[in-house]
Amino acid sequence: MKALSGRLYERDPSVVAEKLLGKRLIRKLNKEILEGIVVETEAYYGLDDPASRARHGLKNYNRLMWSEPGRAFIYNVHNNWMFNIIAHEPNEVGGVLIRAIEPTKGIDLMKRNRKVENLHDLTNGPGKLTKALKIDKGFNGVFVTSEESQIFIADNKMKIEIGRSHRIGVKRDLPTDLRFFIEGNQFVSKAL
DNA sequence: CGCCAGATTGACT
DNA sequence: GTCAATCTGGCGG
């Protein structure tokens, strides 16, 4: 298992959001491995994106949106941690929100972390998966391109069909479809 | 400093 | 379907 390099994230957020589908998200927790397949993502941009954390310009709390592609950007919404990976072309701003994963390893521990038994309810939402994988603000800024980070993305040979839709839960969305998911997968947050 | 909104979730009128 | 919990940061709504 090898973390994918930062080059993957040096592209437009939409391209990265699509490329992350089917990849493995790996979380080392003490001696245990928690792992899942990325099945749903959303792309966020900079000042021109009314739903982006970067929309108000560079602030201390959102400065990671301007930083090196491949870093984690984590922040809180309604008491839930959102896990994003910074992704943009040089001198641009943007990131990708991981909205859902399909659990593959460490499922019992995920169930304990979430305090739920139902497999399909374990990681089918952005706040759910961070709780299952014990990801919080402490990981803000780490590089998911390094296995040392204890959170990283690895490749996966998988044939998938990709679906698109508007972003979920945002007040003001852009006219483009910026949510990507694996068609037919049972672990996406919402069937539309 | 107080109030409000938000890339959500879970419980329930 | 409706709605409140509860954290973080913006802004003076």
Side-chain angles (χ1 to χ4, degrees), chain A residues 9 12-21 25 36 38-67 69-88 92-103 110-142 144 151 153 162-182 185-192:
Chain A
Y9 310 102
D12 185 277
S14 292
V15 176
V16 178
E18 197 167 339
K19 282 183 172 293
L20 281 173
L21 292 176
L25 173 62
V38 178
V39 300
E40 180 181 349
T41 57
E42 281 177 357
Y44 287 85
Y45 290 82
L47 295 166
D48 300 330
D49 181 351
S52 174
R53 289 286 108 167
R55 67 186 178 279
H56 294 304
L58 182 61
K59 309 278 181 190
N60 193 48
Y61 85 104
N62 65 15
R63 65 188 164 76
L64 279 164
M65 289 289 282
W66 280 258
S67 74
R71 296 182 76 175
F73 172 44
I74 293 165
Y75 94 96
N76 189 286
V77 179
H78 292 271
N79 205 21
N80 298 286
W81 297 109
M82 302 292 114
F83 173 58
N84 304 257
I85 301 176
I86 299 306
H88 54 77
E92 295 291 332
V93 185
V96 174
L97 170 70
I98 310 297
R99 278 195 60 90
I101 64 173
E102 176 178 338
M110 289 191 206
K111 286 180 176 175
R112 289 200 297 278
N113 290 341
R114 284 267 295 124
K115 297 182 174 65
V116 300
E117 280 301 316
N118 184 351
L119 182 65
H120 284 86
D121 198 38
L122 214 46
T123 55
N124 61 336
K128 295 179 184 179
L129 73 90
T130 53
K131 196 169 181 187
L133 299 184
K134 275 205 187 306
I135 296 174
D136 61 18
K137 191 71 179 272
F139 291 94
N140 203 24
V142 304
V144 302
I151 302 176
I153 298 286
I162 294 171
R164 278 183 90 147
S165 82
H166 62 82
R167 292 179 293 189
I168 306 282
V170 303
K171 268 267 174 25
R172 289 174 301 163
D173 204 354
L174 289 168
T176 323
D177 280 346
L178 293 174
R179 171 178 176 252
F180 301 83
F181 55 93
I182 295 181
N185 187 280
Q186 298 303 299
F187 294 86
V188 301
S189 64
K190 280 180 189 174
L192 286 181

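The analysis underlying the following values was restricted to heavy atoms, covering all of them including side chains, and did not include hydrogens, waters or symmetry mates. Letters A, B, ... are given to chains in the order of the sequence lines, protein chains preceding strands, and every chain is numbered from 1.
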Worksheet item: Hey, where does DNA chain C pair up into stems, meaning at least three consecutive Watson-Crick or G-U pairs with distances under 3.5 Å?
Response: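 DNA chain C forms these stems: B:1-6 with C:7-12, B:8-12 with C:1-5.
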
Would you kindly give the [atom1]-to-[atom2] distance between [X] and [N], to the nearest whole Å?
X       : N      : atom1 : atom2 : result
Y61(A)  : dG9(C) : OH    : P     : 9 Å
M65(A)  : dG9(C) : CE    : P     : 15 Å
H78(A)  : dT9(B) : NE2   : P     : 11 Å
D121(A) : dT8(B) : CG    : C1'   : 13 Å
R172(A) : dA7(B) : CZ    : C1'   : 13 Å
I74(A)  : dT8(C) : CD1   : P     : 13 Å
F83(A)  : dT8(B) : CZ    : C1'   : 17 Å
N76(A)  : dT8(B) : CG    : C1'   : 10 Å

Would you measure the distance from the [atom1] atom in [N] across to the matching atom in [M] and give it in whole Å?
N      : M      : atom1 : result
dC3(C) : dC7(C) : P     : 23 Å
dA4(C) : dT8(C) : P     : 22 Å
dG1(C) : dA7(B) : C1'   : 23 Å

Discussion item. Using side chain to side chain contact (heavy atoms under 4.5 Å, CB included), reason through L25(A) and F83(A) one step at a time and then give a plain yes or no.
Written reply: CA-CA 11 Å; L25(A) 173 62; F83(A) 173 58; 3.9 Å; yes

Item to complete: State, to 0.1 Å, how close G46(A) and S52(A) come at their nearest heavy-atom pair, and which atoms those are.
Response: O-CB, 3.9 Å

Worksheet entry | Nearest non-hydrogen partners of R99(A) and L129(A), listed with the distance |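 It is C-CD2, 3.7 Å.
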
Worksheet item: So D49(A) and R167(A), salt bridge (charged side-chain N to carboxylate O under 4.0 Å, His left out) or not? Walk me through it.
Response: CA-CA 12 Å; D49(A) 181 351; R167(A) 292 179 293 189; 2.8 Å; yes

Discussion item. Strictly below 4.0 Å: does R114(A) bring a side-chain N or O up to OP1 or OP2 of dG10(B)?
Written reply: yes

Fill in: Within 6.0 Å of NZ in K134(A), more than 12 heavy atoms from elsewhere
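Counting neighbours around NZ of K134(A), 12 or fewer heavy atoms of other residues, nucleotides or ligands fall under 6.0 Å, so no.
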
Worksheet item: Under 3.5 Å, is there a donor-acceptor pair between the Y45(A) and D12(A) side chains?
Response: yes

Worksheet item: Counting only N and O atoms by type, is there a donor-acceptor contact under 3.5 Å from the side chain of R53(A) to the main-chain atoms of Y44(A)?
Response: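 The answer is no, because no donor-acceptor pair under 3.5 Å joins these two groups.
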
Discussion item. Any side-chain to backbone donor/acceptor pair from E40(A) onto S189(A)? Under 3.5 Å, distance only.
Written reply: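 Between the backbone of S189(A) and the side chain of E40(A) there is a qualifying donor-acceptor contact (under 3.5 Å).
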
Worksheet item: So which of residues 126-138 of chain A are in contact with DNA chain C, with a heavy-atom cut-off of under 4.0 Å?
Response: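 Under 4.0 Å from DNA chain C: K137(A).
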
Worksheet item: For R53(A), which contact category applies under a 4.0 Å heavy-atom criterion: base, sugar-phosphate, or nothing?
Response: base

Worksheet item: Who passes side chain to side chain donor-acceptor pair (under 3.5 Å) against N124(A), sequence neighbours left out?
Response: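 Residues passing side chain to side chain donor-acceptor pair (under 3.5 Å) with N124(A): K128(A).
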
Worksheet item: Could one point to a donor on the side chain of N80(A) or the base of dT8(B) with an acceptor on the other under 3.5 Å away?
Response: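 Yes, the side chain and the base share a sub-3.5 Å donor-acceptor pair.
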
